[in-house]
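Note that the structure is a prediction, hence the values are computed from the model and not measured. Here, residue 1 is the first one in the sequence, and each next residue gets the next number.
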Amino acid sequence: MTWTPKPAIELSSQRAVRRHNLGVVLRQVVERGPRSRATIALDTGLNKTTVSSLVSELMDLGLLVERGAEARATAGRPGLVVDVAREGAVALGLEINVDYLGVQATDLAGGSRYKAIEAADNRRRGSDVVLDRLADLATEALREVRAQGLRPIGATVALPGLVDVTRGELLAAPNLHWTDVPVVELLRERMGADPLPLGADNEANLAALAELWEGAAVGLSDFMYASGQVGVGGGIVLGGELFRGYRGFGGEFGHTTVEADGLPCACGSHGCLETRGGLEPLLAAAGLDSEQITTTGSGKPVAELVKRAEAGEETALAALADCGRWLGVALGSVVNLLSPQAIVLGGYFAPISQWLKPPIERELSERVLGGAAAVPPVLPSSLGPEAAVRGAAATQLRRVLADPTLVNA
């Protein structure tokens, strides 16, 4: 009998189904913890033979390992459980912000395997200098994770401005005074021969995704993420997906107009929320030296603000109330337009959320149509300042969760 090869389209379809099923099994273990092949088969609906084959392939890829026997409440021989390999895939989240650079390496189980943050006034440094330093931080992170036996599978850079995600280009970052910087291309040049896949996205978008996947918004399908940095950012999740808008620039919450003839903004407009709710005007109103931001990063000035608020200092409390009021004004329009399930306060808004929340809620109750039931809860971020870098790393890890064969790409 003459052997007839299968059509290429059929083979391609079979490979696609196989990659999909590999992802289904890997996600089961990543999201639900160690489990036996029999349990995976039961939960996924795949037959036991198929699951066994898929698990073997995932072990060959270095993504799963066998551990001890599964505890069982019924009689019968317990099966060996499979778990995420601790020496498996890892991704880097990198961040450029106005007052710091950051890097974090996260494994498939969500564990942080390396992190570093460097306070710096990036407004006073050119993009070449900043990217030189970010490349150094990334290279050091890669050296450390490889020394742990981990396999880097990609890196994404979180950026404070409008980002062309397809080209990896920062189109405009008003607070950095950068325009049209091909971040991914320049970073790749600086990292030399390392073939690591690189991407870039807006920092608030990435932080919103991190909150959706592993933070305060787990279980929500529609929410607004408000990010407080030196500027103010936003990420919108609708139907469980990040909303980017037609050109990919959706979510620029900080440039919502709250005063038609208000203060000039770094973006070139007037009356943006950022001029009232950004870190510098807040610190100035509280009587703190906003210049500290450029030398220490935003953490220490905010910690001092918290200390004063906890001590009941009237100037600090008044500044926080005013910041919350302006946020509430802007968020009222967001809620009337999108009707989200919740609002998540991230970045420096998170540690001061207990003082921001009451004035935000007062504004929402006055501005949102539909009565009290239409006012969404205001939640503090559970990931804090790490949200953007965790989201950046997670975007790369989720590529592998969708198609585990990419670890060999």
Side-chain angles (χ1 to χ4, degrees), residues 86-160 170 173 176 183-184 186-192 194 196-204 206-207 209-210 214-215 227 229-230 292-303 346-348 350-351 381-397:
R86 289 290 295 169
E87 289 74 37
V90 69
L92 296 190
L94 308 172
E95 184 173 7
I96 297 173
N97 221 305
V98 176
D99 55 334
Y100 64 90
L101 298 175
V103 57
Q104 178 158 297
T106 307
D107 63 27
L108 272 176
S112 176
R113 307 302 290 269
Y114 178 88
K115 69 175 68 174
I117 187 167
E118 182 175 281
D121 181 5
N122 291 321
R123 287 178 290 194
R124 300 181 184 179
R125 304 199 293 182
S127 58
D128 285 342
V129 175
V130 173
L131 288 168
D132 283 345
R133 187 62 195 133
L134 185 66
D136 290 342
L137 292 173
T139 300
E140 177 61 23
L142 290 171
R143 184 182 303 115
E144 289 291 331
V145 297
R146 283 172 172 144
Q148 296 177 43
L150 295 161
R151 182 168 23 163
I153 52 89
T156 296
V157 189
L159 298 167
L170 179 60
L176 283 176
V183 170
V184 167
L186 295 175
L187 190 60
R188 184 174 285 117
E189 290 175 1
R190 285 160 170 76
M191 293 177 67
D194 200 310
L196 195 70
L198 297 176
D201 205 339
N202 172 267
E203 59 87 15
L206 292 169
L209 288 173
E214 55 182 302
S227 171
Q229 304 292 342
V230 170
Q292 289 184 65
I293 299 171
T294 61
T295 56
T296 66
S298 60
K300 290 184 179 179
V302 172
Y348 84 84
S381 162
S382 62
L383 300 176
E386 294 183 2
V389 288
R390 287 191 69 86
T395 58
Q396 294 289 344
L397 292 171

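A pairwise comparison of heavy atoms in A91 and A393 identifies CB-O, 3.4 Å as the closest pair. Smallest separation of non-hydrogen atoms from S227 and A204: CB-CB, 4.1 Å. Minimum heavy-atom separation, L196 to G154: CD1-N, 3.3 Å. The two residues E95 and P385 have their closest heavy-atom pair at OE1-O, 4.4 Å. Nearest heavy atoms, A158 versus A388: CB-CB, 4.1 Å. Heavy-atom minimum distance, L176 versus P160: CD1-CG, 3.7 Å.
Among residue pairs with one or both ends in residues 386-396, those qualifying as salt bridge (charged side-chain N to carboxylate O under 4.0 Å, His left out) are K115-E386, E214-R390; sequence neighbours excluded.
For the pair D121 (side chain) and R123 (backbone), a donor-acceptor distance under 3.5 Å is present. Checked by atom type and distance alone, the side chain of Q396 pairs as donor or acceptor with a backbone atom of A155 at under 3.5 Å.
Note that CG of L170 is 9.0 Å distant from OG of S127, once rounded to the nearest 0.5 Å. The OG1 atom of T106 lies 8.5 Å from the CG atom of L92; values are rounded to the nearest 0.5 Å. Rounded to the nearest 0.5 Å, atoms CD (E144) and OG1 (T139) are 12.0 Å apart. Rounding to the nearest 0.5 Å places CG of N122 at 8.0 Å from CG of N97. With rounding to the nearest 0.5 Å, the separation of OH in Y348 from CD in Q229 is 9.0 Å. The line from CG of L94 to CG of L198 is 8.0 Å long, rounded to the nearest 0.5 Å.
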Next on the checklist: Between D201 and T395, does the side-chain contact (heavy atoms from CB on, under 4.5 Å) criterion hold? Intermediate values first, please.
Outcome noted: CA-CA 10 Å; D201 205 339; T395 58; 5.8 Å; no
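Under the rule for a salt bridge (Lys or Arg N to Asp or Glu O under 4.0 Å), E87 has no partner lying at least two apart in sequence or in another chain. With sequence neighbours excluded, no residue satisfies salt bridge (Lys or Arg N to Asp or Glu O under 4.0 Å) with R151. Residues forming a side-chain contact (heavy atoms from CB on, under 4.5 Å) with L137 (at least two apart in sequence, or on another chain): L101, V103, E118, R133. Taking the salt bridge (Lys or Arg N to Asp or Glu O under 4.0 Å) definition, one finds that R125 meets it with nothing, sequence neighbours left out. Applying the salt bridge (Lys or Arg N to Asp or Glu O under 4.0 Å) criterion to D107, with sequence neighbours excluded, gives R86, R113.
Within the 4.5 Å cutoff, the side chain of R190 has heavy atoms near those of the D128 side chain.
Exactly one of V183, N202, L206 qualifies for a side chain to side chain contact (heavy atoms under 4.5 Å, CB included) with L159. That residue is V183.
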